[in-house]
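Encoded as C-alpha cells, here's the structure I'll be asking about.
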Amino acid sequence: MEEKNLYPTICPYCSLGCGFFLEIKEGKIAGLSYMPGHPVNEGSLCPKGNASTEVLTHPDRLLHPLLKTENGWKEIGWEEALSLAAAKMGSTLKEYGPDALAFLGSAKCSNEENYLFQKIARLLGTNNVDNCARLCHASTLTGLGKSLGAGAMTNPLSDLENSDCIFVVGSNFAENHPVISRWILRAKERGAFVIVADPRRTPSTWLSDLFLRLRPGTDVALLNGMMHVIVSEGLQDREFIRKRTLGFERLEKILSEYAPEAASAITGVPAGDIIKAAREYAKANAAAILYSMGITQHISGTDNVIACSDLALICGQVGKKGAGIFPLRGQNNVQGACDMGALSEYFPGYGKVGDKEAAARLKKIWAAEKLSEKPGLTTAKMSEAAHAGKLKALYLLGEDPVNSHPDSLNVRKALEKLDFLVVQDIFMTDTAEYADLILPAAAWAEKEGSFTSTERRVQWVSRAIAPPGEAKADLEILQGFAEKLGLGLEYRDAGEVLAEISRAAPMYGGITKERLLQAYGVSWPCPESGHPGTPIMHTERFNTPDGLARLIPVEYRLPAESPEPAYPFLLTTGRTGLHYNGGSMSRRSSFLLEKEPELFVEINPSDAQTMKIEEGNNIILETRRGSTQAKARLTERVSRGVFFMPFHFSGTNMLTGDALDREAGIPEFKVSACRVRRV
Amino acid sequence: MKEVLIRPELCMGCRSCEIACAVEHSESKNLFAAVMEKPTPQKRIYVEYVPEYNAAIPMTCRHCEDAPCTTVCPTKALKQDEITRVVTHSTDLCIGCWTCSMVCNYGVIGRQKEARVAVKCNLCPDREIPACVEACPTNALVFLEVKKLSGVKRTEAALKLARGMQGKAL
C-alpha cells in the first residue's frame, strides 16, 4: 500500500461544519475520506463537500500577485504588491480621511483572519468594515440579539433529533444543508411532526407532515396567525412567559388582528393549516424552529426573525433539549466573521460601536489611543458611498459582490468609481476583474485557523498542503500589509491571534488552539479555560442585562416591491443542491457543473402556457434594475405568478433590488417584481 | 446477504451517492483526478427525480434472484454468485452487446462508451460498506439484510400506529 496521510479538516462550503479527512500523498491531495466520528455529519457529506477538493487543485487558482496595467494583468512580487496596497490606502487616508477607506471581510476566511482584518480597519480610524453576513443573516443578529440577547443558534444541530415538532420556515435545508435532513429524519423516526413553510415545493417539503405554501414575504402574517391561535386557545406556556420573558401584554394586543382567516388572506395558506401548525408546535414537548434566508432576506427580515423568536418564547420552546431556534447560516464562517467584529456596528464579541465600555476594553488590548465612535458603512452603503465619491479605496477579502450583491449592474458601476480596489481571493472572480491589485490567497486546507459553524462550534483547521504558486495564507498577507502601514501587528501564528481573540471577545474567553485540536472543537460561550463550552444556550437565563427575553410585537408589512401591471410576476431567489453562492467555487467543479450547467428560471406550467413558453426555451427576465437571460424550467414547484431563480450564476443579481431592512441593512433578495418575454 | 437497500421516503435528492460511486470506481479514487481520467469514471447508482410525485428515488442494481441479466449474457461476463447472490461483471468477457441492459427491469446497467463494456453496481468489493451508502447524508441508502430492514420498518410503523391510537395527531 502507498503511504497516505490523513489530515482532519472542516468542509469549506455551508455553515454546518462537517468534518472529513484530506488524504495527502507526497504533499499533494490524493482524495478525501469520511470521518464517521464527527458529531455533525457522522461521516457523510453532501455533493459540495464531496467535490470540495476540486477547488484546491483547480488550474484557475491565482498564483501570483497581479497588477492591472494598460496591457492587462502583470505578475508582480509580494514586496511590490504589499507596498503598493499600503501606499494607496495610506495616501487615501491622508488625503480624504479614514472614512474614505472600506474593508469587506470574508465569511470564507478564518476567525483569526477576520479579526485581524477588522482590527486593521479600526486602527486606521474607520468602522467601515463588514462581511457578507450583511446579505444573509444580519437580521438574525439584530432580531435574535434584541429578543434573546444573542444572535446565534441556540442548540446543536444534532439536537434536532430530540425534537417532537420541527417547524421549518424559509429554508430549503435538504438542498442547501443536506446533512440537516439526517437529524430531522431521525426525529421523524421517533415520531416527530414536521411543518415546512415555503413559497416553493422543495425537496425539504417532501418530508413534511404539513406543508404551508405561503406567498413570498408574508412570513410575519403566518407567524402572528399561528401565535393568535396559540394564545386564543390558551396553548401558551404561561409559567415560562411569566418567569423568563417581558412584554407579553403588548404582543397579545397585536395578535388580535391576526385571526387565522385574516392571516390566510395575506399568506394564501388555508386557515385550517395555520391552526393545525400552531397546535402541533405548541403542544409538542420539545419543538424547534429552523429558518434561513427565506426569513432573513427581506426588508422585514428583522421583524421576521423576531416573530420566530416570539413564537418560540410564548410556547417556552427555548433553552432545553430538542427545543430552540435554529438559524441556518450560509457560509462556513459567517458566524465567526460576525463574532470577530467584521461588522460596521459591532466590535469583536458584539460590543456596540459607540459604547464607551466596549471601546475602552479594546483600546487596552490593542494599545490604541483612539477608536472611531461612529458606526461604519454596511456593504450596501459602501456601494452608495462609492457612487457619491465619498469612498475612495476598498479592500475586499474573498468576496465577490458583483455576483453576490443585489442590483449587480449598480455594484459594477460603484467598483469602477473607486480610486483603488484590492481583491484578495483564490480565483479570478467577476469582481476581481475590477481590481487594481489582486493578491492570491490560500484556500482553507492550505492554512491554519479556527472556523465557527452555525451551531457555534469553533473548530480548528490545520494546514494540510502548501498553497499553489506564490499564493499565501490570508493572515500572512494581512500581516504584511499591516507592517507596511506601520501598524506592527506581529503574531507568530494563528494560535497567537486566537489568544488575543479570547481576550477581545468574551465568549471565546476559554478557547485556545490547543483545546480546539482535541475532539471536534468547542461551542461558545466558553468564557474561561476550565469551561466545557455551551451546546445549549439560554437554559437558565437569556443574554440580556436582566436575563429575561423580550417579546416584541411585529406587524406584517408589504415587501418593497409587489407585482403590478408593468412587472406582473414575483421573482424569488435561492440556492440549488449542486451549486454554492456566487459560484466562484462550485462552478469550477466539473462534477457539480455537469449536473447544473446554466442559469434557469422555474415557472409554473399554467403561467408558461399563457405566455407560450415551453420547457427549455430561452427567456428574458426584466426588473427595474436590469434584464437577464435564462432557460425556462416548467414546474409545479412554484405557484402561479411566482418565478424562482438560483443565484449561482451572474445573471440573477442583475435583477434583484437593493431595498434594505431598516435595522439590519439586509437587502430584499427574495421579492422582486419582474416581467418576462421569449428571446 | 447484505444488500444496498433504498428507503425512498428518506431521499432528498442530493446526489452525494452518485459522486461517491463514480469516485470509488475511478482509477485514482480521488475526485479531482477522476474527472481527468479516460475513460471517465461512471456512477452505478442513479438518483431519478419523479416530478409527478415530487420525489427523488435512488436506483441501483438489485442483484435479483435468478437475475435476468446473467441468464441472457452470451459470454457469461455477468455472473451471479450462488450463495451471496451478488451479480458481478467481467470487463474482459464483455462484448458490449447490451442484451443485459435490454432485460434489466430497473435500467441500472449503464454503458462505458469508450471501452464498450457494461457498467453496473458491484457492491464495492474493496470496501466494508459500499461507497454510496457511506456517502448518503440522510441514511436513505442502507447496507442491510432484507430481514433487518423489514424489522426496522415494522418498528417505525408500530410507532406511528401507537401515536395514532393515542390521538396525538390532530
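Protein chains get the first letters and strands the later ones, always in sequence-line order, with residue 1 at the start of each.
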Region of B/C14 that comes under 4.5 Å of a non-hydrogen atom in chain A |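 Looking at B/C14, backbone and side chain both touch chain A.
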Can you tell me how far the CD atom of B/E156 sits from the CZ atom of A/R190, to the nearest 0.5 Å?
->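 B/E156 atom CD to A/R190 atom CZ measures 12.5 Å (nearest 0.5 Å).
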Does A/L207 reach the side chain of B/L10, with side-chain heavy atoms less than 4.5 Å apart?
->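 The answer is no; the side chains never approach within 4.5 Å.
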Who wins among A/G577, A/C46, A/S52 for the most heavy-atom pairs under 4.5 Å with chain B?
->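 Option with the greatest count: A/C46.
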Are side-chain heavy atoms of B/S16 and A/P47 found at a separation under 4.5 Å?
->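 Side chain of B/S16 against side chain of A/P47, heavy atoms only: contact under 4.5 Å found.
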With a 4.5 angstrom heavy-atom cut-off, could you sort out which part of A/L578 is near chain B: side chain, backbone, both or neither?
->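 Side chain only.
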Crowded around B/E27 CD? As in, over 12 foreign heavy atoms under 6.0 Å?
->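 Result for CD/B/E27: open.
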B/P137 and A/S44: which non-hydrogen atoms are nearest, and at how many Å?
->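 Shortest heavy-atom separation between B/P137 and A/S44 comes out as CA-CB, 3.6 Å.
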Would you mind telling me which of A/G43, A/A30, A/C18 has the largest number of heavy-atom pairs within less than 4.5 Å of chain B?
->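 Among the listed options, the one with the most contacts to chain B is A/A30.
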Evaluate whether atom CD of A/E614 has more than 12 neighbouring non-hydrogen atoms of other residues, nucleotides or ligands under 6.0 angstrom away.
->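 At most 12 heavy atoms, drawn from other residues, nucleotides or ligands, come within 6.0 Å of this atom.
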Contacting region of B/C11 [heavy-atom separation from chain A under 4.5 Å] |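 Backbone only.
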Check: B/L159 and A/E189 side chains under 4.5 Å, non-hydrogen atoms |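 Result no, sub-4.5 Å side-chain heavy-atom pair not found.
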Considering only heavy atoms and a distance below 4.5 Å, find which of A/L45, A/V55, A/I184 pairs most often with chain B.
->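 Option with the greatest count: A/L45.
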Under 6.0 Å from the CD atom of A/Q609, do we count more than 12 heavy atoms belonging to anything else shown?
->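 No, because the 6.0 Å sphere around CD of A/Q609 holds 12 heavy atoms or fewer from other groups.
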Segment of A/N41 engaging chain B (4.5 angstrom heavy-atom cut-off) =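 Contact with chain B involves no heavy atom of A/N41 at all.
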Between B/R15 and A/E596, is there a salt bridge with N-O shorter than 4.0 Å?
->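 No, A/E596 and B/R15 are not salt-bridged.
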With distance as the sole test, does B/T138 use its side chain to make a donor-acceptor pair with the main-chain N or O of A/R182 at under 3.5 Å?
->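 Not a single qualifying donor-acceptor pair exists.
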Hey, mind stepping through A/R186 and B/N139 against side chain to side chain contact (heavy atoms under 4.5 Å, CB included) and telling me if it holds?
-> CA-CA 9 Å; A/R186 254 189 231 172; B/N139 298 323; 3.7 Å; yes
Heavy-atom proximity to chain A below 4.5 Å, by part of B/K153 |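 When you check distances to chain A, no heavy atom of B/K153 falls under 4.5 Å.
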Rounded to the nearest 0.5 Å, how far does CG of B/N54 lie from OG1 of A/T205?
->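 The OG1 atom of A/T205 sits 6.0 Å away from the CG atom of B/N54.
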Against chain B, label A/L592 side chain, backbone, both or neither, depending on which of its atoms sit under 4.5 Å from a heavy atom there.
->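 Just its side chain gets close to chain B.
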Does A/S181 reach the side chain of B/M12, with side-chain heavy atoms less than 4.5 Å apart?
->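 Side-chain contact under 4.5 Å: yes.
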A/E54 versus chain B, the contacting section by heavy-atom distance below 4.5 Å |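 Contact with chain B is through both the backbone and side chain of A/E54.
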Checking heavy atoms, do the side chain of B/Y49, its backbone, both or neither come under 4.5 Å from chain A?
->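 Just its side chain gets close to chain A.
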Winner by heavy-atom pair count (cut-off under 4.5 Å) against chain B, out of A/R201, A/E594, A/E175 |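 Answer, by heavy-atom pair count under 4.5 Å with chain B: A/R201.
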Pick one of side chain, backbone, both or neither for B/A56, based on which atoms fall under 4.5 Å of a heavy atom in chain A.
->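 Answer is both: backbone and side chain atoms of B/A56 are under 4.5 Å from chain A.
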Of all of A/T576, A/V179, A/T202, A/T57, which one pairs up most often with chain B through heavy atoms under 4.5 Å apart?
->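 When all of A/T576, A/V179, A/T202, A/T57 are compared, A/T57 has the most.
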Distance-only donor-acceptor hits, side chain of residues 117-133 of chain B, under 3.5 Å, sequence neighbours excluded:
residue	atom	partner	partner atom	Å
B/K120	NZ	B/V87	O	2.9
B/N122	OD1	B/H25	NE2	2.9
B/N122	OD1	B/C124	N	3.2
B/D126	OD2	B/K29	NZ	3.4
B/R127	NE	B/I129	O	3.0
B/R127	NH1	B/E24	OE1	2.8
B/R127	NH2	B/E134	OE1	2.5

